[in-house]
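Residue numbers count from 1 along this sequence. In what follows, every heavy atom counts, from backbone to side chain, and hydrogens, waters and symmetry copies are set aside.
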Amino acid sequence: MQPGTQPNESPGADPLALFVEWQALAVERGGVMPDAFALATATRDGRPSVRTVLFKGVLDGGVRLVTNYDSRKGRELTENPQGALMFYWPVLERQVRMEGRLERAPTSESDAYFASRDRESQLGAWASAQSQPVPSRAALLAEFDRVRQRFEGAPVPRPPHWGVVHLIPERVELWMAGPHRLHDRFEYTREGAGWRCQRLMP
Ligand SMILES: Cc1cc2nc3c(=O)[nH]c(=O)nc-3n(C[C@H](O)[C@H](O)[C@H](O)COP(=O)(O)O)c2cc1C
């Protein structure tokens, strides 16, 4: 789908398939960190927070990321499972927004993903109580050394507080820059097993 050349009809029936195509295109075109996106969570009473995380693919209709479940985002998604995300690829002049439910993946999926990571990253997941205060960088490195010694000569198991999260979108918006700031926006909302699509004013 080329920016600015779309007729009024929907650019495709499945916004997640289009999203995956766009993300792959951003990689192919040499975009800067094409796998980085903003993830918003909120407290039980709706106070939002946002941070950058990395895209780990789409599985069963959910966008995947990995994180520490005891981090601020991890705690927020447990108390309020509604989240939002945003990708922006300057190289394509395209943006994707999604809103929906945040869920921890099954432990088997997190185990498999953890096992695929390099050993240093696995040790890092044990060493970092993400989002907790630490007195100094030296203290963090000392914890990393302690963990390295603990697992010396053995495989590193997945920490129970670390794993995959899925954002299962209820709404997806695809945005493409167009001439005269008359950008193309397509809003998809869930309808039964499929999606309803409408064009929005820029
Ligand atoms: C480019 C980039 C990629 C990041 N990727 C991740 C990630 O995949 N998972 C993660 O938990 N944090 C990632 N972070 C760190 C988060 O932005 C954030 O600092 C951390 O998750 C703690 O956020 P929280 O306290 O809101 O939970 C990344 C940061 C940057 C700048």
Side-chain angles (χ1 to χ4, degrees), residues 1-67 71-74 76-77 79-105 113 164-202:
M1 183 165 74
Q2 291 305 306
T5 60
Q6 282 305 304
N8 282 324
E9 63 269 14
S10 125
D14 180 355
L16 282 172
L18 289 164
F19 157 69
V20 167
E21 264 178 41
W22 286 19
Q23 203 275 333
L25 191 60
V27 174
E28 193 186 304
R29 296 268 176 90
V32 176
M33 298 217 70
D35 52 348
F37 65 100
L39 173 75
T41 54
T43 57
R44 194 187 310 275
D45 56 352
R47 291 177 199 222
S49 64
V50 66
R51 77 288 293 154
T52 309
V53 293
L54 295 180
F55 174 57
K56 303 295 177 188
V58 167
L59 187 72
D60 298 336
V63 173
R64 301 202 318 162
L65 62 121
V66 297
T67 196
S71 64
R72 178 175 176 189
K73 78 181 89 48
E76 290 184 357
L77 72 89
E79 63 182 59
N80 178 353
Q82 296 301 316
L85 63 75
M86 191 217 47
F87 284 79
Y88 173 53
W89 299 292
V91 69
L92 303 179
E93 293 190 88
R94 294 183 190 183
Q95 170 182 259
V96 173
R97 297 163 62 187
M98 300 188 198
E99 290 112 50
R101 211 179 149 74
L102 288 162
E103 287 178 4
R104 288 187 189 190
Y113 189 82
V164 177
V165 169
H166 294 185
L167 185 140
I168 299 146
E170 286 293 324
R171 177 186 183 278
V172 178
E173 183 191 316
L174 306 177
W175 183 104
M176 284 170 289
H180 321 300
R181 295 223 155 79
L182 295 177
H183 313 300
D184 292 312
R185 296 177 66 191
F186 294 96
E187 177 188 61
Y188 290 79
T189 43
R190 289 254 187 222
E191 197 172 57
W195 294 90
R196 187 169 76 94
C197 178
Q198 58 186 357
R199 182 185 270 272
L200 301 181
M201 292 280 205

Just wondering, do [Y] and [X] contact through their side chains at under 4.5 Å, heavy atoms?
X      : Y      : answer
Met86  : Trp175 : no
Thr41  : Leu102 : yes
Val165 : Lys73  : no
Val32  : Pro90  : no
Met98  : Val63  : yes
Pro11  : Cys197 : yes

Any donor-acceptor pair under 3.5 Å from [X] side chain to [Y] backbone:
X      : Y      : value
Trp89  : Gln23  : no
Glu99  : Glu170 : no
Arg171 : Gly100 : no
Arg185 : His183 : no

Aromatic ring pairing Phe37/Phe87, orientation class (parallel under 30°, perpendicular over 60°, tilted between):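 Aromatic pair Phe37/Phe87 classed parallel.
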Ring-ring centroid check Tyr188 Phe19, cutoff 6.0 Å: no
